[in-house]
Amino acid sequence: MANKALIQKIKGAREFYPEQMALRNFIYEKVRRASRAFGYQEWDAPFIEPIELYAAKSGEELVKKQSFTFNDRDGEFVTLRPELTPSLARMIAAKQGELTFPLRWWSFGPFWRYESPQKGRSREFFQWNIDMLGTDSPEADAELIAVGAEFLRSAGLKPDRAVIYVNNRRLMDAEFDALGIPPEKRLDVSNLVDRRTKMDPAKWDENALGLGLDQKQLGGLKDILGNFDLWKKSDELTRLFSALEALGAREYVKFDPNIMRGLLYYTGTVFEAFDTTGSVRRAIFGGGRYDNLLADVGGQPLSGVGFAMGDVVIGIILQEAGLVPEFEPSPAQALVTVFDEKLWMQSYALAAELRRAGMNAMVYPEPAKLPKQFKFADRMKMKAVLVLGPDEAEKGLVVVKNLGTSEQEQVKREALLSSLQKILAFNVKQD
RNA sequence: GCGGAUGUAGCUCAAUGGCAGAGCACCUGACUGUGGCUCAGGUGGUUGUGGGUUCGAGACCCAUCAUCCGCCCCA
């Protein structure tokens with residue numbers, strides 16, 4: 001039983017022990033590489049913002065119910081950021097005249113949403129955001145999708161298990177129009193489409209009719225949602241797919257008329273990536289094209305395309321797929337033991353010497369029995385252990401033991417580096 | 001906000017209402033200058049918390065807290 005005196009962490013907050021931190025950094029590294037491969041610049045915004053920033057957009061209970069808010073000492077309402085886009089809009093608007101467009105920005109940082117924690121969802125999470133602003137073309141949409149595909153590829157998720165589903169709002173609006181679905185019902189219908197895979201078919205039909213659709217419209221809607229060649233009617237999607245072909249990302253992408261995305265602000269291409277084989281049914285990432293990003297904050301109209309990916313879902317998927325590299329407990333590959341009180345400082349000096357030579361070296365923090373120190377090195381999965389005992393000190397030697405092979409040799413101090421490097425290189429090959 | 005499940009050693013889990021246990025981990029020793037492997041021994045518990053029923057509760061009842069799974073929601 002845990003110590004009762006321990007104060008519990010905040011519900012849904014995340015604790016990153018070194019092993020989890022390694023996963024987070026693994027994701028960050030893949031994100032960073034994919035973003036930079038396409039020339040995107042890293043940026044960030046405040047973690048706390050005035051609540052109005054979000055209220056301006058949704059103005060809903062959503063903001064109050066699903067955000068962490070509090071009063072600061074001056075009585076201002078402060079919100080832990082639940083998303084990045086409003087901050088992006090403000091920062092762009094503030095320097096709209098001096099930024100170089102088209103602008104390509106990416107970010108990876110913490111966000112908070114007051115929701116009930118469950119599989120794939122916590123109250124505190126890290127999110128990758130990536131956007132291109134100032135270009136309005138299906139080819140730009142294709143680039144963002146290609147960035148996402150590049151991330152999936154580099155993380156080890158092949159097209160047979162990760163798929164990016166694409167649709168287009170304008171295409172769907174045109175289809176809805178053709179069915180005689182009035183524009184004011186589009187939002188409700190979109191939301192219903194979004195929920196289709198989750199719902200019982202009969203119930204879904206019922207809801208559709210409840211929205212005021214007639215049988216003929218319902219039938220037409222289902223025809224549309226079952227038509228996976230529909231994209232051929234869309235000039236935008238046709239161009240998108242040829243661009244994806246050229247970008248080498250086509251194999252990851254499928255057209256799916258059921259992808260809508262709940263967000264109001266998407267106006268053209270929308271897309272969502274899913275793991276098709278694992279236990280997580282939530283989207284890996286999702287995004288699309290939005291117009292008038294800056295409308296709410298008073299900037300000039302600007303079109304953009306972007307997507308966001310949380311760390312929780314992708315983390316589960318990568319672990320399930322066995323794609324996370326084995327955890328290395330210690331960044332240092334060599335342990336310098338401390339033989340006794342007298343030789344303590346000599347061991348410290350030896351470790352310092354290794355560090356000056358560019359190696360990561362850990363020294364045992366105090367004299368202790370050698371078995372204990374060796375055991376420590378073993379549990380830290382270190383590759384080599386150095387022993388500087390009385391015999392070695394006297395003759396200017398060091399014992400180097402390869403923990404992988406159990407072989408050890410006494411070498412002169414001058415030969416230590418090359419001996420160590422040999423062991424480390426050998427062990428690297430073994431991995 | 002709603003529903004379901006689970007809380008026992010550091011971890012994973014046992015224990016018909018009748019002495020709280022096992023495996024792993026940890027510590028010590030076999031092995032006073034060498035990790036893993038083996039063997040022997042040992043430490044470790046207010047059974048989430050608070051009440052109740054009972055001669056007797058880890059188990060049954062009520063409440064509460066926490067976690068997990070799902071619904072709702074998902075900017």
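Sequence lines set the chain letters: A, B, ... in the order given, protein chains first and strands last, and positions in each chain run from 1. These numbers come from the heavy atoms of this one structure, side chains and all, not from hydrogens, waters or symmetry mates.
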Mind listing the side-chain donor-acceptor pairs of residues 253-260 of chain A below 3.5 Å, one per line with the distance, residues two or more places apart or on another chain?
residue	atom	partner	partner atom	Å
A/Asp256	OD1	A/Asn258	N	2.8
A/Asp256	OD1	A/Asn258	ND2	2.9
A/Asn258	OD1	A/Arg196	NH1	3.2
A/Asn258	ND2	A/Leu225	O	3.2

Worksheet item: Can you find an N or O donor on one side and an acceptor on the other, under 3.5 Å apart, linking the side chain of A/Gln408 with the base of B/rU34?
Response: yes
Item to complete: Kindly say whether, by distance alone, the side chain of A/Glu392 makes a donor-acceptor pair under 3.5 Å with the base of B/rG33?
Response: yes
Qualifying residues under side chain to side chain donor-acceptor pair (under 3.5 Å), relative to [X], sequence neighbours excluded:
X        : result
A/Gln41  : A/Trp105
A/Gln300 : none
A/Asp275 : A/Arg161, A/Thr277
A/Glu19  : none

Fill in: Intra- and interstrand pairs of RNA chain B - dot-bracket, Watson-Crick/G-U under 3.5 Å, | marks other strand
(((((((..((((....[..)))).(((((.......))))).....(((((..]....))))))))))))....
Exercise answer: donor-acceptor pairs, residues 142-153 of chain A side-chain atoms, under 3.5 Å, sequence neighbours excluded:
residue	atom	partner	partner atom	Å
A/Glu143	OE1	A/Arg104	NH2	3.0
A/Glu143	OE2	A/Tyr40	OH	2.6
A/Glu143	OE2	A/Arg104	NE	2.7
A/Glu143	OE2	A/Arg104	NH2	3.3
A/Glu150	OE1	A/Arg153	NE	3.4
A/Arg153	NH1	A/Glu251	OE2	3.2
A/Arg153	NH2	A/Gly248	O	3.2

List the atom pairs, with distances to 0.1 Å, where a side-chain N or O of residues 335-345 of chain A and a protein N or O form a donor-acceptor pair under 3.5 Å, not counting sequence neighbours.
residue	atom	partner	partner atom	Å
A/Thr337	OG1	A/Leu386	O	2.7
A/Asp340	OD1	A/Lys342	N	3.1
A/Asp340	OD1	A/Leu343	N	2.9

Identify all pairs in which a protein N or O lies below 3.5 Å from an N or O of nucleotides 66-70 of chain B, and state each distance.
residue	atom	partner	partner atom	Å
B/rU67	OP2	A/Lys11	NZ	3.3
B/rC69	OP2	A/Lys119	N	2.9

Worksheet item: Are the aromatic rings of A/Trp128 and A/Tyr28 close, with centres under 6.0 Å apart?
Response: no
Worksheet item: Can you list every salt bridge (Lys or Arg N to Asp or Glu O under 4.0 Å) pair that touches residues 277-293 of chain A, not counting sequence neighbours?
Response: A/Asp136-A/Arg289, A/Asp141-A/Arg289
Practice prompt. Sorted by first residue and then second, give each salt bridge (Lys or Arg N to Asp or Glu O under 4.0 Å) pair with at least one member in residues 358-373 of chain A; sequence neighbours left out.
Written response: none
Just the table, please: protein N/O against nucleotides 38-41 of chain B N/O, every pair under 3.5 Å.
none

